[in-house]
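Structure first, then comments.
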Amino acid sequence: MTLRKKLSSLKAIISGYGSCLVAFSGGQDSAFLLKICSMVLPKDKLLAVTAFSAAYPEIELQKAKALVKDIGARHKVIKTEELNNRNFISNSVKRCYFCKKELFTRLISIARSNKLRFVLDASNISDKKDYRPGNIAKKELKIKSPLSEAGFSKEDIRKASRKLGLSTWNKPSLACLASRVPYGTKITAGLLKRIGWAEEYLAGLGFRQVRLRHHNGLCRIEVDKGDIRRLLSRRQVIVNRLKDLGYNYITVDLEGYRTGSLNEVIDK
């Protein structure tokens with residue numbers, strides 16, 4: 001199916017909803033979804049909701065607020081309490097399920113109080129390649145995923161976002177900071193802050209896509225394959241900074257950045 005046909009299908013799906021709440025992280029996918037929703041639905045029939053917590057970098061919250069303002073949609077920010085959930089902080093392979101169950105349960109309540117018919121998330125067909133137990137929670141709660149339903153891949157979203165003039169068309173992938181922590185390692189606010197600080201520092205050095213995978217006293221840095229040589233050329237300042245943050249050993253993943261690398265060790 002051509003991109004034009006996928007866009008037509010997506011608009012028809014969203015129009016059929018009549019009204020909706022969009023789970024809005026401010027990433028490339030949710031920005032595109034919100035933009036299309038704003039083109040199809042009246043302003044009073046659409047609400048973007050951003051969930052903020054220790055697992056979500058504060059700088060991204062500010063970017064999300066600015067982006068919603070540019071799109072022209074209504075926006076609500078809520079604070080979620082994953083770190084008060086023992087099932088989340090124990091960090092089993094089902095961690096994402098418990099997080100999404102809490103989040104979408106709250107979003108459904110907000111949608112109902114605002115008389116909005118459906119809650120939407122920005123999952124797309126490319127997400128099916130990774131292990132995502134949160135999808136079970138979405139299925140249980142009947143969350144709609146129109147991008148996936150219309151056949152949009154990550155590349156489709158990038159191309160369509162660029163045509164629409166969205167600043168997020170080439171934005172690096174976002175993910176909960178807890179996704180940097182190996183299953184079985186307890187998640188704490190302090191640990192998430194340390195990871196967030198480290199990634200913000202590395203991004204400040206000009207690396208577009210960065211993940212810092214935590215392994216107790218060791219950290220494993222992932223950047224795009226084409227940036228590995230440049231990363232190594234800055235190794236001394238990077239080592240100094242990350243040791244200041246409490247890491248004893250700093251390593252570089254020679255495979256480069258890839259979504260869900262910590263999931264590679266589990267039996268799906």
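No experiment lies behind these values; they were computed from the predicted model shown.
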With sequence neighbours excluded, tell me which residues meet ring-ring contact (aromatic ring centres under 6.0 Å, His included) with [X].
X      : value
Tyr201 : none
Phe98  : none
Phe32  : Phe152
Tyr247 : His214

Exercise. Sequence neighbours left out, what pairs pass side chain to side chain donor-acceptor pair (under 3.5 Å) with at least one residue falling in residues 222-232?
Key: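 As it turns out, the side chain to side chain donor-acceptor pair (under 3.5 Å) pairs with a partner in residues 222-232, which skip direct neighbours, are Arg213-Glu222, Arg220-Glu222, Glu222-Ser261, Asp227-Arg230.
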Exercise. Write down the atom of Thr50, the atom of His75, and the distance for their closest heavy-atom approach.
Key: OG1-NE2, 2.7 Å
Quiz item: Quick one: hydrophobic cluster around Met1, which other residues, with the 4.5 Å side-chain cut-off, linked directly or via members?
Solution: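 When side chains under 4.5 Å apart are linked, Met1 ends up in no cluster with other residues.
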Practice problem: Please write out which residues are connected to Leu116 in a hydrophobic cluster, directly or through intermediates, given that two of Ile, Leu, Val, Met, Phe, Trp, Tyr count as joined at side-chain heavy-atom separations below 4.5 angstrom. | Solution: Leu21, Leu47, Val49, Ile78, Leu103, Phe104, Leu107, Ile108, Ile110, Val119, Leu141, Ile143
Quiz item: In Å, rounded to the nearest 0.5 Å, how long is the span from CG of Leu34 to CG of Asp70?
Solution: 11.0 Å
Quiz item: Roughly how far, to the nearest 0.5 Å, is OG of Ser145 from NZ of Lys138?
Solution: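 The distance works out to 4.5 Å.
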Quiz prompt | More than 12 heavy atoms from other groups under 6.0 Å of CZ on Arg258 | solution =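 For Arg258, atom CZ is crowded (more than 12 foreign heavy atoms under 6.0 Å).
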Exercise. Flag yes if more than 12 heavy atoms outside Lys79 fall under 6.0 Å of its NZ atom; otherwise flag no.
Key: yes
Residues two or more places apart in sequence or in another chain: which of them pass salt bridge (charged side-chain N to carboxylate O under 4.0 Å, His left out) with [X]?
X      : answer
Lys171 : Glu60
Glu58  : none
Glu102 : none
Arg194 : none

Do [X] and [Y] have side-chain atoms, one donor and one acceptor, less than 3.5 Å apart?
X      : Y      : value
Asn85  : Glu81  : no
Tyr56  : Glu82  : no
Ser123 : Ser148 : no

Self-check item: Pairing residues for Arg241 by the side-chain hydrogen bond (donor to acceptor under 3.5 Å, both in side chains) criterion, not counting sequence neighbours
Solution: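 Testing Arg241 for side-chain hydrogen bond (donor to acceptor under 3.5 Å, both in side chains), a comparison that skips the adjacent residues, returns none.
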Practice problem: Kindly say whether Ala23 contributes a backbone atom to a donor-acceptor pair with the side chain of Asp121 at under 3.5 angstrom? | Solution: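 A pair under 3.5 Å: no.
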Quiz item: Would you say Arg158's side chain and Asn170's backbone share a donor-acceptor pair under 3.5 angstrom?
Solution: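 No; zero donor-acceptor contacts below 3.5 Å.
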Quiz item: Salt bridge or not for Asp44 and Arg74, using N-O below 4.0 Å?
Solution: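 Here Asp44 does not pair with Arg74 in a salt bridge, since their nearest N and O are not under 4.0 Å apart.
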